[in-house]
A.B. asks: 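Below you will find the structure I want to go over with you.
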2 protein chains.
Amino acid sequence: MSDIATRKPKERKRGSGVQFVYNVLRDEILDLALAPGSPIDEIQLAERLSMSRTPIREALVRLAAEGLVTTLPNRSTVVANIDFLNLHTFFDAITLMYRVTTRLAALHHQPGDLVVIRARQAEFAKAVEDQDALAMIATNREFHAAIAAAARNPYYESLFLRLLDEGRRLLRLYYSAFNDRLPQQYVIEHEDMITAIAERDVEKADKLASEHADQIVAQIRNMIARDHRQQIAL
Amino acid sequence: MSDIATRKPKERKRGSGVQFVYNVLRDEILDLALAPGSPIDEIQLAERLSMSRTPIREALVRLAAEGLVTTLPNRSTVVANIDFLNLHTFFDAITLMYRVTTRLAALHHQPGDLVVIRARQAEFAKAVEDQDALAMIATNREFHAAIAAAARNPYYESLFLRLLDEGRRLLRLYYSAFNDRLPQQYVIEHEDMITAIAERDVEKADKLASEHADQIVAQIRNMIARDHRQQIAL
DNA sequence: TGTATTTTTTTTGTCGACATAAATTCCACG
DNA sequence: CGTGGAATTTATGTCGACAAAAAAAATACA
């Protein structure tokens, strides 16, 4: 069992309780440690994290506001399901956010931003080199989050982060299929995007982000189709 | 004083407490009944709504997740400020959401949708006819929310609703200046948008939404500039 | 044996109380 | 009279307990 979730009581500072529960639950949901659709028992959680139900409930309210859990009135709250029937709305939105944030990053990035973005890209490249699929998923998210931060639009940023998280969950589902030669292609595409941003070439950044998004969407679609065939074969 | 906020205790059903507090606070924040930056006292609120602090805190957590209040750790939560310095990010985002939702509504609207949209438009037209600025603000929001619902993309919809609410707060600030001849123009533009959606003319819908957004942005900018001149003149 | 109804159990929503961190007041000292 | 620090007050974060609503189990009846 994980360490952070079973920490001794009274080791935490006052005021960090809700944040702590939020982080634990969020990670477990995005890592699929908590299965989509599974109910969350407040009392059980309270015992596991050795705290009262109050901070746990507040964390759940926050997660509900972000769409990571669904609260049924007077009944248990459940981990949000993955809506395979409407994945196209997800693909549509994340593609647009890839484009908009990359575009605005080219327009508005400030001195320190590129340093951060390049650092994230280095981490992603390392994950690819190590063939560590889980690290790829995580570092890829951080790379694009860094670009979104440089775009300096909190509205786009918050939607994009939400979409990236949802994508993390989706990729987790199929991460075993994530070790063909595509990731190397992503490294190159990332490099091109960085260059376009650095040169403040807005149209090029937009175009690259759009192609990048299409690649990722196509890959996810592929993985789902492959998985679907396997399920039928069984 | 308002009626709904001073209702007798025990008249409400169990389970609706948080929702009730959320609605009250949300309305008061968006109506500027609670000034941006002003602190929210949990105890005072608890007494006013005659309930315990627990449901009030949960409502505050939800409002914080939506950006309507800001929570300072171990200190009071305050009504979110209006960030005049970064309004361009707001205008940018809401313009894009106007376009995307109208575009997708033209693409994906289903039989019942147009009925709802036309009903909202009728309400907006009535508010314009009555020269009721506050009703204009409210009905205009509902009109575009109906289009967003017809676009059938929950990600765009939630961001757009958030932006429309923020816009409602902005317009409230200057609603006295909201009685020139522009609103009549909006009625016509709305009609054109409905027609384009009904004809499933995606490009036309996009173009109209884009122009409509530019109009609104220009008007808000105007009102701010006018207000700014007045403040200087004083 | 299967179904409807009542009883029991479980779990959520709300409450009042206490502990702790800021903010404020008060006081000592220069 | 002003400044620094201790004491007080205020408000937040957390807790355990109770009441009401669902869910589950047990019982009655056809």
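Letters A, B, ... mirror the listed sequences (proteins, then strands); counts begin at 1.
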A.B. asks: Is there side-chain contact between B/E47 and B/R53, with heavy atoms separated by less than 4.5 Å?
C.D. replies: no

A.B. asks: Could you list the donor-acceptor pairs under 3.5 angstrom formed between side-chain atoms of residues 70-77 of chain A and any protein atom two or more places apart in sequence or on another chain?
C.D. replies:
residue, atom, partner, partner atom, Å
A/N74, OD1, B/R14, NE, 3.4

A.B. asks: What is the distance, to the nearest angstrom, from the CG atom on A/L49 to the P atom on D/dT14?
C.D. replies: 12 Å

A.B. asks: Looking at five pairs on each end of the helix from C/dT1-D/dA30 to C/dG30-D/dC1, what is the angle between the two axes, given to 10 degrees?
C.D. replies: 0°

A.B. asks: How long is the line joining CG of A/D41 and P of D/dA22, in whole Å?
C.D. replies: 18 Å

A.B. asks: Looking only at side-chain atoms of A/R53, point me to the closest of D/dT12, C/dC15, D/dA17.
C.D. replies: D/dA17

A.B. asks: In whole Å, what is the span from the CD1 atom of B/I43 to the P atom of C/dT14?
C.D. replies: 19 Å

A.B. asks: Determine, for B/Y22 and B/R62, whether the Lys NZ or Arg CZ falls below 6.0 Å from the six-membered ring centre while staying within 45 degrees of the axis.
C.D. replies: yes

A.B. asks: Establish, with yes or no, whether the OP1 or OP2 oxygen of D/dT12 is under 4.0 angstrom from a side-chain nitrogen or oxygen of B/R75.
C.D. replies: no

A.B. asks: Whole-Å distance between D/dT12 P and B/I56 CD1?
C.D. replies: 11 Å

A.B. asks: Whole Å only: how far is the CD atom of B/E42 from the P atom of C/dC15?
C.D. replies: 14 Å

A.B. asks: Measuring from the side chain of B/V18 (C-beta onward, heavy atoms only), which nucleotide among D/dG13, C/dT14, C/dC15 has the closest atom?
C.D. replies: C/dT14

A.B. asks: Going by side-chain hydrogen bond (donor to acceptor under 3.5 Å, both in side chains), name the residues that satisfy it together with A/R118, two or more places apart in sequence or in a different chain.
C.D. replies: none

A.B. asks: What's the closest nucleotide to the side chain of B/S52 if the choices are C/dT12, C/dC15, D/dT14?
C.D. replies: C/dC15

A.B. asks: Quick one: are B/I147 and B/I194 in side-chain contact, heavy atoms under 4.5 Å?
C.D. replies: no

A.B. asks: Rounded to whole Å, how long is the line connecting atom CD of B/Q19 with atom P of C/dT14?
C.D. replies: 11 Å

A.B. asks: What's B/I40 touching, base or sugar-phosphate or nothing? Going by heavy atoms closer than 4.0 Å.
C.D. replies: sugar-phosphate

A.B. asks: Looking at C/dG13, I'd like to know if its phosphate oxygens (OP1 or OP2) sit under 4.0 Å from a side-chain N or O belonging to A/R57.
C.D. replies: yes

A.B. asks: In this structure, how many angstroms lie between the P atom of C/dT10 and the CD atom of A/Q44, rounded?
C.D. replies: 14 Å

A.B. asks: Would you please confirm or rule out a distance under 4.0 Å between OP1 or OP2 of D/dA22 and any side-chain N or O of A/N74?
C.D. replies: yes

A.B. asks: Could you tell me the separation between the CD atom of B/E58 and the C1' atom of D/dG13, rounded to a whole number of Å?
C.D. replies: 13 Å

A.B. asks: Ignoring hydrogens, what is the shortest heavy-atom contact between A/P39 and A/V78? Give both atom names and the distance.
C.D. replies: CA-CG1, 3.8 Å

A.B. asks: Are any non-hydrogen side-chain atoms of A/T89 and A/L87 less than 4.5 angstrom apart?
C.D. replies: no

